[in-house]
Amino acid sequence: MAARERKRRGRIGLVAALLGLALVAACDGRPEVRFHAADAYPERLSEWGLLQKSGDALRLGAGVHPYEVNTPLFSDYALKLRTIFLPSGTAMAYRDREAFEFPVGSVVTKTFFYPVEDGAARAAAGWDGDVAALNLGEHRLVETRLLVRQESGWDALPYVWDGDDAYLSITGALRPMKLVRAGQVHDLPYVVPARSECAGCHATNHSDGALRLIGLKARHLNRPYRPGADNQLETWAHAGALRGLPAPGAVPKASVWDDPDETLESRARAYLDSNCGHCHNPSGAADTSGLLLDAHTASFRQLGFCKPPIAAGRGTGGREFSIVPGDPDSSILVYRMETADPATRMPETGRALTHVEGVKLIRDWIGQLPGECV
């Protein structure tokens with residue numbers, strides 16, 4: 001009975017928080033965020049109030065805050081707008097290594113979009129994060145992914161943009177487009193993942209299969225949202241949206257993969273952590289490979305140095321070891337990052353093209369590693 005009463009009061013508290021948020025939204029003109037139960041997810045993204053297209057502008061809902069990560073996951077050169085929403089009066093709980101704990105009623109979004117010119121999408125290195133200045137007349141919105149914190153855990157929802165709104169597509173979608181990169185035009189079969197496919201990345205612990213956040217970890221978030229702004233973790237803590245933040249010097253920080261002022265090793269490890277570590281970690285779906293690429297792996301052997309594959313096959317590209325120090329051409333890791341073959345590429349999902357700049361980073365890192373495989 002006591003547990004049932006606590007749960008009932010929790011629901012009442014969540015409803016009250018959301019009603020309070022509605023009053024704030026009414027005052028500043030921003031869309032009102034409306035949380036939905038798992039059995040009543042709306043067809044239109046606009047019904048959430050998290051972000052809405054208005055003409056050529058994108059408006060964020062009341063209480064919706066953008067954030068950025070130090071080194072992102074590569075997604076066929078798409079730009080991304082990441083946001084978090086917390087029910088009024090609640091906060092995230094800090095964790096040193098794992099993703100922050102979010103209260104029920106939270107929603108995390110990631111919107112994928114491209115600059116367009118002459119009808120073709122253009123590969124872009126990044127954007128300045130200024131949502132108010134984002135001109136949708138010059139950009140193409142493709143999809144918005146939601147992670148919704150229900151009482152039972154996180155739930156994933158893919159919404160596909162069509163005109164002025166995005167629509168729930170449980171089975172995913174294919175959006176073929178032309179992508180211009182370095183003056184060359186590529187056919188890009190852009191794939192919006194099905195709802196069931198989200199677990200391929202977000203079930204970071206295969207023992208229970210539960211969806212978990214990936215990017216919302218201290219090491220990824222320890223940075224300003226935009227150049228010249230305050231550190232976003234400190235901003236959230238000062239606003240009461242983040243509990244338990246340690247002193248600045250005690251918070252881990254991942255390197256920015258393309259920042260030449262940071263060391264080659266730290267940038268390469270940050271890239272592998274963000275692009276591979278959600279599967280290649282001690283609890284992840286790829287743990288049986290024996291190749292661990294998350295930020296906390298220290299063993300050279302587990303990182304792939306002179307490590308033969310456990311299961312040989314096409315995925316090796318005829319190479320013997322995951323990483324051959326000083327020889328990227330002989331390294332399985334580089335081969336699987338370079339290929340666009342769906343049967344052998346890594347990551348398996350989330351990309352159709354090769355991240356040329358990311359591969360160069362890993363090549364440069366392997367090329368300067370000392371030692372040899374015997």
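As the structure is a computational prediction, the values presented were derived from the model and not from experiment.
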Using 0.5 Å steps for rounding, measure from the [atom1] atom of [X] to the [atom2] atom of [Y].
X      : Y      : atom1 : atom2 : answer
Leu369 : Asp364 : CG    : CG    : 11.0 Å
Leu291 : Cys279 : CG    : SG    : 11.5 Å
Thr109 : Leu45  : OG1   : CG    : 8.0 Å
Met92  : Phe102 : CE    : CZ    : 5.0 Å
Ile362 : Ile323 : CD1   : CD1   : 8.0 Å
Ser289 : Met346 : OG    : CE    : 8.0 Å

Modelled atom types, side-chain donor and acceptor of Tyr271 and Asp273, under 3.5 Å = no
ask   = Cut-off 3.5 Å, side chains only: do Arg145 and Tyr159 have a donor facing an acceptor?
value = no
Do the side chains of [Y] and [X] get nearer than 4.5 Å, heavy atoms only?
X      : Y      : result
His355 : Met337 : no
Ser169 : Thr171 : yes
Leu136 : Phe113 : no
Asp294 : Pro282 : yes
Glu101 : Arg149 : yes
Leu303 : Arg269 : yes
Leu188 : Asp76  : yes

inquiry  = Would you say the rings of Phe100 and Tyr94 are close, in the sense that their centroids are separated by under 6.0 Å?
reply    = yes
Looking at [Y] and [X], is any side-chain nitrogen of the basic one under 4.0 Å from a carboxylate oxygen of the acidic one?
X      : Y      : result
Arg336 : Glu348 : no
Arg195 : Asp155 : yes
Arg34  : Glu47  : no

Using a cut-off of 6.0 Å, state whether more than 12 heavy atoms not belonging to [X] lie near its atom [atom1].
X      : atom1 : value
Arg97  : CZ    : no
Asp130 : CG    : yes
Gln150 : CD    : yes

query = Who else is in the cluster with Phe321 when I, L, V, M, F, W and Y are joined by side-chain contacts under 4.5 Å?
reply = Val324
ask   = In the hydrophobic cluster built from side-chain contacts under 4.5 Å, what are the other members alongside Val185?
value = Val180
inquiry  = Pair Asp96, Arg219 - check salt bridge (Lys or Arg N to Asp or Glu O under 4.0 Å), show working.
reply    = CA-CA 8 Å; Asp96 191 57; Arg219 63 183 180 273; over 6 Å; no
For Glu338, the option from Arg363, Arg319, Arg345 that meets salt bridge (charged side-chain N to carboxylate O under 4.0 Å, His left out) = Arg363
request  = Hey, could you give me each pair passing side chain to side chain donor-acceptor pair (under 3.5 Å) that has a residue in residues 248-260? Not counting sequence neighbours.
outcome  = Ser255-Glu262, Ser255-Ser266
ask   = Which pairs count as side chain to side chain donor-acceptor pair (under 3.5 Å) when at least one residue sits in residues 229-244, sequence neighbours excluded?
value = Asn222-Asn231
inquiry  = Test of understanding: with side-chain hydrogen bond (donor to acceptor under 3.5 Å, both in side chains), list the residues that count as partners of Tyr335, not counting sequence neighbours.
reply    = none
Scan the side chains in residues 53-66 for donor-acceptor partners under 3.5 Å anywhere in the protein, sequence neighbours excluded, and list what turns up.
from  : atom 1 : to     : atom 2 : distance (Å)
Lys53 : NZ     : Gly55  : O      : 2.8
Lys53 : NZ     : Asp164 : OD1    : 3.0
Arg59 : NH1    : Gly29  : O      : 3.1

query = Which is it for Arg122 and Glu138 under the salt bridge (Lys or Arg N to Asp or Glu O under 4.0 Å) test, yes or no, and what are the steps along the way?
reply = CA-CA 11 Å; Arg122 290 188 293 109; Glu138 300 173 353; over 6 Å; no
request  = Search all heavy atoms of Ala237 against all heavy atoms of Leu245 and return the closest pair with its distance.
outcome  = CB-CD2, 3.7 Å
